[in-house]
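See below for the structure under consideration.
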Amino acid sequence: MDWQTVLSFSVVALLLVLSPGPNGMLIAKTVPTSGKTIGFANVAGFVAAFYVHGALSILGISLILVQSAQAFFIVKMLGAAYLCWIGLKALKDAWKGAAAPTSVAPAKRRRSLSKGFTEGFLTNASNPKVSMFYLAAFPQFIPVAEGAAQSAFLLVLVHSMINVVWFSAIVLLFDRLSKRARSNGFQRWLKATTGAVFVGFGIKLATLRAI
């Protein structure tokens, strides 16, 4: 694989990572309430999901999902249900916050690293924009020749490292702003916003058509 292809892929992957989506909203919800350590666990989950997306694309399962309406529908609805569940849970928390005290305890909601990792993994695995990227765009960068699998995983590595740099910076930013972000008013606004966004992404995924 030539470096021009890698560079072109890096630009496309960077734009994908920078665009707003469920991953960023999860970080925005996690760090103010559970701390930067759990935020980094979310990021680790994102990275693991990239390799799942890449492996499915390389093994041709993505093509099967595109060509099989039933398989695509099942996978699509599972992802949509998960995103909607996160969104409805956040909206519920925002509603309950109306009767909460004037401040939120700083990062004392005991959430394990494994839970943070799982949330990040499931969010990125069911992220509609990432799914469609690996279904449609990703195969275009893989050379049809010997060593295609190695080239593909190199591109997944590039994508995941861009993700690590960007979302680690976001985690640190939210951690710096955590004192302001822990106010009850901000928490209610943030949960309501993230909840609505996650439900929106879930609906978008549910209405997505196979290519």
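The shown structure was predicted, so the numbers you read here are calculated from the model rather than taken from an experiment.
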Interatomic spacing from [atom1] in [X] to [atom2] in [Y] - rounded to 0.5 Å:
X	Y	atom1	atom2	answer
M25	T123	CE	OG1	11.5 Å
I38	N42	CD1	CG	8.0 Å
F46	L122	CZ	CG	11.0 Å
E119	S34	CD	OG	8.0 Å
L113	T118	CG	OG1	10.5 Å

- Across all chains, not counting sequence neighbours, the ring-ring contact (aromatic ring centres under 6.0 Å, His included) partners of F40 are none
- Message: Determine whether a donor-acceptor pair (N or O, by modelled atom type, separation under 3.5 Å) exists between the side chain of T33 and the backbone of T30.
- Response: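 Yes; at least one donor-acceptor contact below 3.5 Å.
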At their closest point, which heavy atom of [X] faces which heavy atom of [Y], and how far apart are they?
X	Y	result
A49	A125	CB-N, 3.6 Å
G39	I27	O-CD1, 3.6 Å
K36	D175	CD-OD2, 3.6 Å

- Query: Checking side chain to side chain contact (heavy atoms under 4.5 Å, CB included) for the pair V12/S8: CA distance, chi angles, key distance, verdict?
  - Reply: CA-CA 6 Å; V12 175; S8 298; 5.8 Å; no
- Got a sec, which residues hit side chain to side chain contact (heavy atoms under 4.5 Å, CB included) with A44, two or more places apart in sequence or on another chain?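 Checked A44 against side chain to side chain contact (heavy atoms under 4.5 Å, CB included); matches are F117.
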Output side-chain donor-acceptor pairs under 3.5 Å for residues 159-174, partner residues at least two apart or in another chain, one line each.
residue : atom : partner : partner atom : Å
H159    : ND1  : Y134    : OH           : 2.8
S160    : OG   : V156    : O            : 3.2
S160    : OG   : L157    : O            : 2.8
S168    : OG   : V164    : O            : 2.6

- Are side-chain heavy atoms of V47 and N124 found at a separation under 4.5 Å?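 No, too far: nothing below the 4.5 Å cut-off.
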